[in-house]
Amino acid sequence: MDRDKQSWSFVQSFMHSRCGVILNDDQSYLMDARLTPIADELEYSTVHDYVAAACSAGARREIVMKMIDAMTTHETSFFRDAAFWKALNELILPQVIAQSERAVPFRVWSAACSTGQEIYSLAALWLERFPELFPNVEFYASDISEITMAKAGEGRFSLLDVNRGINAGRLLRHFEQDGTHYRIKEVLRRAVRWTPFNLLGDAPVPVPPCDLVLCRNVMIYFDKIGRERALRHVIDAARPKGFVGVGATEMLRGTPVVASWYAARNAG
Amino acid sequence: MKALVTDDSAAMRRIIQKALESDGWEVRTASNGKEAMAALARETSWDLLLTDWHMPELDGLGLVRAVRASSGYASLRIIVITSEGALNMVDTALQAGANDFLMKPFSSDSLCERIAEVMNGQG
């Protein structure tokens, strides 16, 4: 086996076992595109040396995290999928609020938060829709990539990021100018609690029982076993009367309340 | 649905026109605010105005103000499309009567999504 194929097979095995991500043989170009820059940054002689180091038992956390960050998909955008947010705004949120016990804070969890657009969209929507309840909401966000999550916590977005999904009214209401970038306002940034989490790991979910659990467009990258494990964590995180939101092309076992939304008790 | 695309860049007019027409819009174009006002007056049943900011004769801000000051265009949705990205300019455009603001560069997906929002009354 030549060295490229060997290193790629190491990456495939590593990403599958650690993150549940399936990488195909025909995606081996990603090794050069995404891992060679890291190898250069960390001053490895070759990308093969870096891969061998990162995939070995006892590898330093920093080099492992960089591989995970580079090889996981971070595709996300504000208010991604209009139908999902319409259903949340018009049906799911009002129901969550109506059925709540007012003494208990509302809790929401973005289980694969990537660069944060989803949880910030949710926080912004809640602030717009139910401002009097906003202080009583706990927003949790998790991702397997701590590097990506750290960026999310900064809340700093480019012009292209905000062009997708943020209209002018929301831009003015929820963002402040940060040079050529736009930063989520402090009231929203401070509302989010960031907790690293691997949806395929054995650790218990890092959040208390939640009214809303969002796990969108990530299970599509897992194999069957991975999807089952991730779903189990998602169900465990939801309150009995809670709701689970998934991606437009994802389906869970039960019947959805409305497209992409499932009652937690029917989701698994 | 009929839209007027106003930009002093012929290339940008073509790009936006193509994106709109592929989404089923009937499109007219103008190269500055003065031409745009004339085009609006010549025809009826306009639904959407997309305008650049910096243009000769009459700039985008002036065009938005002129349209909003005129009768007969109350239901006309206006999106300012410009390379300017300062939030105070976004605010100025909205205060003048624009419904939304899209910054260049933008993808055709972003453009179509933003138009859909504005036409649905969310902008």
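Chain letters run A, B, ... following the sequence lines, proteins first, then strands; residues in each count from 1.
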Tell me whether B/D100 contacts the main-chain N or O of A/N167 through its side chain, where contact means a donor paired with an acceptor under 3.5 Å. no
Any donor-acceptor N/O pair, B/R114 side chain to A/I166 backbone, under 3.5 Å: yes
Neighbour count above 12 (heavy atom, 6.0 Å) for [X] [atom1]:
X: A/K241; atom1: NZ; answer: no
X: A/M251; atom1: CE; answer: no
X: A/K185; atom1: NZ; answer: yes
X: A/R190; atom1: CZ; answer: no

Measure the shortest side-chain to side-chain distance between A/L159 and B/P105 over non-hydrogen atoms and say whether it is less than 4.5 angstrom.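 Counting from C-beta outward, A/L159 and B/P105 do come under 4.5 Å.
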Within the structure provided, determine whether B/M103 and A/L160 are in side-chain contact (heavy-atom separation under 4.5 Å).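 Of all side-chain heavy-atom pairs linking A/L160 with B/M103, none is under 4.5 Å.
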Minimum heavy-atom distance between A/G165 and B/E117, given as atom pair plus value: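 Answer, listing the atom of A/G165 first, then B/E117: O-OE2, 4.4 Å.
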What pair of heavy atoms forms the shortest contact from A/L172 to B/L87, and how long is it?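 In terms of heavy atoms, the two residues are closest at CD2-O, 3.4 Å.
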Let me know if B/A86 has heavy atoms under 4.5 Å from chain A in its side chain, its backbone, both or neither.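 For B/A86, the contact with chain A is made by backbone and side chain together.
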Quick check on B/L102 against chain A: is it the side chain, the backbone, both or neither that has a heavy atom closer than 4.5 Å?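 Both backbone and side chain of B/L102 come within 4.5 Å of chain A.
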Interface residue of largest heavy-atom contact number with chain A, from B/L94, B/N88, B/D109, under 4.5 Å: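 Among B/L94, B/N88, B/D109, the one with the most close pairs to chain A is B/L94.
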What residue in B/A98, B/A93, B/S110 has the most heavy-atom pairs under 4.5 Å with chain A? B/S110
